[in-house]
Amino acid sequence: MKIKKRTATILAVVPLLLLAACGNGSSASSSKGNLATKQVVNWTESSELPSIDPSLATDEISFNLLNNTNEGLYRLGKNNKIEPGMATKTTVSKDGKTYKFTLRKNAKWSNGDSVTAQDFVYSWQRINNPKTGSQYAYLYSGVKNADQIQAGKKAVSTLGIKATGKYKLTVKLDKAIPYFKLLMGFPSFFPQDQKVAQKYGSKYATQSKYQVYNGPFTLQGWTGTNNKWSLVKNKKYWDKKHVTLTKINDQVVKDTETGLNQFQGKQVDQTAISGTQVANLKNSKSFFLGREARNAYLEYNYKKIKAFRNLNIRQAMSLAINRKQLVTKVLADGSTTPKGFVTDGLASNPKTGEDFAKEAYNGGTGVTYNLKEAKKLWAKGLKQEGKKSVTYTLMSDDTDVGKKTTEFLQTQLEKLPGLKINVENIPYKTRLARSAKGQFQLVVTLWGADFSDPISDLGLFTSTNSFNNGKWGNKEYNKLIDAANNGDANNTEKRWEDMVKAEKLLMSQQANAPLYNGVAPQLINTKVKGYVYNTAGVPWNWKGMYVTK
C-alpha cells in the first residue's frame, strides 16, 4: 500500500483502522456495562484524505477510510484471520482456480440498495478497465484474463468473475493464488454500487455525498479537499448491532505539537507523536506504539536522471546515509533500521519458521553506512558520468516526520563532494500524485504491505508495476517474481526461494535505498479501549472499540 501507505496500514493496512466491534461482537458485549452514554470518538490523521474511490485509492489514509465504511467478501481479523464479510459461504475447486461465493442476503448499501453479486462484477471490471487508471489493478494478476484486459488485449467483460445469481458469485483464476483469500479483504476488491457510480459519473466518489457505503460507518462532511470529516454509524449495515460507536470525528493534524496540545486539552482522543515526545511520554498510560509492516525508502527516478542508472552513484548515496542515527537521534519514535526492503515480521519461512527479512538479509548490502566507501564510489560514479558536481531535488511530505527525514538526508548526502540537495516538502496528496506521474528526481516513499506475504513488497519493482514510479528494471528480477507468481506458485519452498533471491538482488543492485521500518507512536485516551493490534500484513486492525464511562 502506498502510504505517504501505509497505510500501514498495514498491513499496513493497509493498515486498516476499523473502529467497530465486528465478527462475533464479543468485545462489545462483554463490556456492555461499561459503555458510556455518548459513543463518540475524536480522531486525527497526519495528512489529507486523498480518495474514497475503491478503484483509485492507493494510500493508508484512504484505505483506512474504506475499511471503516465498506466491506468485501471477507474481513481480516487479528493476525490476518479470515472472517465472513459479504460472503457467508465459499467453495474452492481442487485445483484452486475456481471460487464460488454465496453472499448474505441482508447486506445493504447506505442508500438501501441490496449488495449483490453484480456489484462485485462491476467493481472488479471497473478497476481492471485501463480507462479507469487504477494503480492497484496489478493485484488482479492471476484472475482470468486480468493481465490481457489491463494491456488492452481483451474486453473487460471477459474478466474471470461472473454473477450466477443475485447472491451467487463465481471467480475463475488462470492460476492458483496462494494469498487469494487475503486479497478479498483488501479495498481494491470491494464491491461498488453500479447504479450510484453511473448516476454520478465523473462526480462519483469525489465527495462523501457522491458515494454510498456497505460497511460499519458512512462518511459525512468530506468535500474532497477539506481537513475535517465524520464517520457516522451506518444504520443499513448488516452487522450494525455490533457497532458500538455512533460517530467518529476525524481531522487532519500535521504538526505533532499541535496534536499533543489538543490531546492534553481533551479536544481529541488520539494523536500521533514523534521524536522527543515519544521519549517523554512513553511511560504514559495513554501511550501506544503501533508496529507496522511499513518501509520508508529513497526512490530514484531512473527515467528522468541518467546518473541514477549508474550503480556506483546509487551505492554511494545509500552508503552515505547513517540509518541508525536517523532512527535513534532524528526520528527517535521507535522506528527501526531495515534489513532490506521487506520489513521484519511480515512473513515466515513456511518450512523453518525463519523471518523473511532475516533470511534474505544480505550482510547489510543496501542498508549499511560507510561514508569513506561512499566517497570512493561517488567519485568513480561522477567520473563515469563525466560530471564534477550535480544538484538534485528531494521530495517528501510536509508532515513533521517528512520534514525531519528530508533535512537529515540533505545533510547526509551533501557529505558526498559535489552533491547539492534541494528539499521540497509538499502535501501528502500532492506528493502521491507527483510520484505516480514520475514528477520527481528523488522522493522519500513509504510503502505498507497490503497482505502478509513478501510478494506484496517485492512485486513493486517489476518493470511493469504501476507503483514502480522510478522505473527501475532488471530482467533477472522480473523472472524471479514471475516464477514466484506463476511457475512456482504452488511449490511453497521454491516460491519462497524465488522471493529470497529477489530481495537479495534488489538490495545488491540498490534499486532503492531503504531508510527505516516505520511505527505509529500515539497517545490514545485511556477511556477508549478494546483495540487489538495486528502486527502482520496490514498496519491496523481495531476491533471492539468502545468508550467507557
Side-chain angles (χ1 to χ4, degrees), residues 6 8-10 12-13 15-22 25-46 60 64 68 77-79 231 243-294 327-328 331-336 345 399-401 404 517-536 538-549:
R6 140 125 166 283
T9 2
I10 216 357
V13 161
L16 310 177
L17 180 61
L18 186 58
L19 299 174
C22 301
S26 58
S27 296
S29 60
S30 63
S31 311
K32 220 166 188 178
N34 295 323
L35 293 182
T37 303
K38 190 177 181 181
Q39 287 293 299
V40 178
V41 169
N42 297 308
W43 214 256
T44 69
E45 302 290 350
S46 61
E60 179 184 32
N64 281 346
N68 277 295
K78 185 178 180 182
N79 297 322
L231 297 178
V243 180
T244 306
L245 291 177
T246 58
K247 191 175 184 180
I248 305 161
N249 296 313
D250 215 350
Q251 63 174 298
V252 176
V253 181
K254 296 183 180 181
D255 182 69
T256 55
E257 283 297 330
T258 300
L260 178 58
N261 289 336
Q262 290 183 341
F263 182 82
Q264 292 176 333
K266 298 183 179 180
Q267 295 170 271
V268 296
D269 294 301
Q270 171 274 345
T271 187
I273 57 175
S274 63
T276 55
Q277 293 176 336
V278 176
N280 294 335
L281 297 165
K282 65 182 181 182
N283 293 322
S284 167
K285 291 182 179 179
S286 301
F287 180 72
F288 174 70
L289 182 63
R291 294 287 174 187
E292 300 181 323
R294 179 165 64 94
V327 300
T328 59
L331 299 179
D333 59 359
S335 296
T336 58
T399 59
D400 181 59
V401 171
K404 286 180 178 179
N517 291 163
V519 292
Q522 305 171 63
L523 294 180
I524 301 177
N525 189 331
T526 54
K527 290 187 178 181
V528 179
K529 296 185 177 181
Y531 53 81
V532 176
Y533 184 65
N534 183 359
T535 57
V538 293
W540 295 106
N541 195 317
W542 301 74
K543 295 186 63 181
M545 187 73 119
Y546 59 91
V547 183
T548 60
K549 291 181 180 179

*Asks:* Distance check, rounded to the nearest 0.5 Å: K285 atom NZ versus I524 atom CD1?
*Replies:* 15.5 Å
*Asks:* Are side-chain N/O atoms of T44 and Q270 paired as donor and acceptor at under 3.5 Å?
*Replies:* yes
*Asks:* With rounding to the nearest 0.5 angstrom, report the NZ to CG distance, K282 to D333.
*Replies:* 12.0 Å
*Asks:* Any sub-3.5 Å donor-acceptor pair from T246's side-chain atoms to Q39's backbone N or O?
*Replies:* yes
*Asks:* Between atom CD of E45 and atom NZ of K254, what is the distance when rounded to the nearest 0.5 Å?
*Replies:* 12.5 Å
*Asks:* Does some side-chain heavy atom of V41 sit less than 4.5 Å from a side-chain heavy atom of L245?
*Replies:* yes
*Asks:* Any side-chain heavy atom of N249 sitting closer than 4.5 Å to one from V40?
*Replies:* yes
*Asks:* Using a 3.5 Å distance criterion without hydrogens, assess whether the side chain of R294 forms a donor-acceptor pair with backbone atoms of N517.
*Replies:* no
*Asks:* In Å, rounded to the nearest 0.5 Å, how long is the span from CG of N42 to CG of D250?
*Replies:* 9.5 Å
*Asks:* To the nearest 0.5 angstrom, please state how far the CD1 atom of I273 sits from the CZ atom of F263.
*Replies:* 9.0 Å
*Asks:* Given side chains that start at C-beta, do those of K247 and L231 come closer than 4.5 Å, heavy atoms only?
*Replies:* no
*Asks:* Report yes or no: does Q277 contribute a side-chain atom to a donor-acceptor pair with the main-chain N or O of T256 at less than 3.5 Å?
*Replies:* yes
*Asks:* Taking atom NZ as the centre, does K404 end up with more than 12 heavy-atom neighbours from other residues, nucleotides or ligands that are less than 6.0 angstrom away?
*Replies:* yes
*Asks:* Minimum heavy-atom separation for F287 and L281, please, with both atom names.
*Replies:* CB-O, 3.4 Å
*Asks:* Please lay out, stage by stage, how V268 and V253 fare under the test side chain to side chain contact (heavy atoms under 4.5 Å, CB included).
*Replies:* CA-CA 10 Å; V268 296; V253 181; 5.6 Å; no
*Asks:* Which atom pair, heavy atoms only, marks the closest approach of S46 to T399?
*Replies:* O-CG2, 3.7 Å
*Asks:* Looking at every heavy atom in both V278 and A332, which two are closest together, and how far apart are they?
*Replies:* CB-O, 3.7 Å
*Asks:* So which heavy atom on S335 is nearest to which on G518, and how close?
*Replies:* OG-CA, 4.1 Å
*Asks:* Answer with yes or no whether the side chains of S274 and D400 bring together a donor and an acceptor at under 3.5 Å.
*Replies:* yes
*Asks:* How far does CG of N525 sit from NZ of K266, to the nearest 0.5 angstrom?
*Replies:* 8.5 Å
